[in-house]
Amino acid sequence: MSIGKEQAETTSHPEKLELEHGLQLEFEPVPVTNNIIPQAEGSSSSCPVNEDVTSLDEKKVLEGLSVLLVEDQAVLQRIGIRMLKKLGAGVTLVKDGEAAVEAMTLMINAARKNHQIQNLHHGSNLETHNSPHYDLILMDCQMGSMDGCKATRVIRKLEAEAETGQSIPIIAFTALVTADNERECFNSGMDTFLNKPAQEHLLAAAIVETIARKSHKFSCDEQAEAQDEK
């Protein structure tokens, strides 16, 4: 799922984002269009998903969600936190890919232990291992020692090894908008490609659609596994 390549024209004046070291990033405010969230190349699902998430009028559309924000630039950290909180989400900030992997390792290990306990008790809801829970990762791509793509590959490997069947939605949030970078993000296991900076409604639409599509796919996979067991 790629967002930001095909955007509607606007008559609004350009906005400027003040970056570090005196740099400025100028961009046009962009309204949501009906085709900003196409299916990612190579992805497939046998179950339809309601893609009508472009009319997000409520201010707190992300209320109740917990987002892991992975961003290494101080200005963009503040902007990301402010936008997500304004939309109602809880936010945990980490500054690089290594910290993201550490945070997800705690969550995945706890989920694996709970999954094992529930299997032993025939599906009873007996969660005894608690850790921070995240509903989605908003992942910067260009970072220092471990970039977003490398971190995503490690996270996907940890999820596969845990064998819980769960896979957290990951959105690539990047200012480097090239076909090669988009391809690399999807190949690493990310679910959505979102241009940085993004207007609030674009960010909200991306998060809502990505979580809905991913949750729906997980539900379909569970149904398929149940059918195979019969």
Side-chain angles (χ1 to χ4, degrees), residues 1-8 30-58 60-70 80 83-84 87-91 100 104 107-108 111 133-141 148-149 151-153 155-160 162 164-174 177 181-196 198-227:
M1 180 165 61
S2 179
I3 298 177
K5 281 192 170 182
E6 296 183 16
Q7 298 174 325
V30 184
V32 175
T33 65
N34 289 330
N35 61 349
I36 64 167
I37 310 181
Q39 187 82 356
E41 184 178 354
S43 63
S44 62
S45 174
S46 59
C47 299
V49 165
N50 179 12
E51 296 183 355
D52 186 18
V53 295
T54 56
S55 56
L56 298 172
D57 297 325
E58 296 292 333
K60 301 290 185 180
V61 292
L62 304 183
E63 192 162 10
L65 295 180
S66 178
V67 177
L68 181 63
L69 174 62
V70 188
M83 289 177 66
L84 289 166
L87 291 166
V91 187
M104 284 304 300
M107 176 176 146
I108 292 168
H133 174 80
Y134 312 108
D135 297 293
L136 176 135
I137 301 175
L138 195 59
M139 181 81 77
D140 185 21
C141 294
C149 289
T152 298
R153 288 189 179 93
I155 291 168
R156 294 306 187 210
K157 184 173 184 291
L158 291 170
E159 289 174 334
T164 63
Q166 298 181 10
S167 176
I168 191 168
I170 302 179
I171 295 178
F173 197 36
T174 178
V177 185
N181 189 42
E182 182 177 343
R183 189 180 306 110
E184 184 180 6
C185 289
F186 285 132
N187 288 342
S188 72
M190 296 189 192
D191 301 287
T192 303
F193 188 89
L194 179 61
N195 297 356
K196 185 195 293 182
Q199 298 293 290
E200 263 179 35
H201 53 277
L202 289 174
L203 178 61
I207 291 174
V208 169
E209 165 64 13
T210 302
I211 289 177
R213 182 165 51 88
K214 193 92 173 186
S215 298
H216 201 75
K217 183 180 184 303
F218 179 65
S219 177
C220 290
D221 289 344
E222 283 191 321
Q223 292 174 17
E225 287 178 6
Q227 290 292 332

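For the side chain to side chain contact (heavy atoms under 4.5 Å, CB included) with Met104, the qualifying choice from Val70, Ile170, Ile137 is Ile137, the only one to do so. For the pairing with Leu203, the side chain to side chain contact (heavy atoms under 4.5 Å, CB included) check across Leu84, Ile171, Val208 returns one residue only, Leu84.
The salt bridge (Lys or Arg N to Asp or Glu O under 4.0 Å) check on Arg156 picks up Glu159, Asp191, with sequence neighbours excluded. Under the side chain to side chain contact (heavy atoms under 4.5 Å, CB included) criterion, Glu200 pairs with Met83, Lys86, Leu87, not counting sequence neighbours. A search for salt bridge (Lys or Arg N to Asp or Glu O under 4.0 Å) contacts involving Glu184 returns nothing, not counting sequence neighbours.
Side-chain N or O atoms of Ser188 include one that pairs as donor or acceptor with a backbone N or O of Cys185 at under 3.5 Å. Of the possible donor and acceptor atoms, none in the side chain of Thr152 sits under 3.5 Å from a partner among the backbone N and O of Gly189.
Heavy atoms only, all atoms of each residue included: Asp135 and Gly64 are closest at OD2-O, 4.0 Å. Closest heavy-atom contact between Ala111 and Gln166: CB-OE1, 4.4 Å. Heavy atoms only, all atoms of each residue included: Asp140 and Lys196 are closest at OD1-NZ, 3.0 Å. Considering all non-hydrogen atoms of both residues, Thr192 and Thr210 come closest at OG1-OG1, 2.7 Å. Nearest approach of Phe173 to Asn195, heavy atoms of both residues: CE1-O, 3.6 Å. For Ala204 against Val61, the heavy-atom pair with the smallest separation is CB-CG2, 3.7 Å.
Rounded to the nearest 0.5 Å, atoms CG (Asn181) and CZ (Phe193) are 4.5 Å apart. Atom CG of residue Leu62 and atom CD1 of residue Ile207 lie 5.0 Å apart, to the nearest 0.5 angstrom. To the nearest 0.5 Å, atoms SG (Cys149) and CZ (Arg183) are separated by 12.0 Å. Between the CG atom in Leu65 and the CD1 atom in Ile211 there is a gap of 4.5 Å [rounded to 0.5 Å]. Rounding to the nearest 0.5 Å places CZ of Arg153 at 8.5 Å from CE of Met190. Once rounded to the nearest 0.5 Å, the distance linking CE of Met107 with CG of Leu158 reads 11.5 Å.
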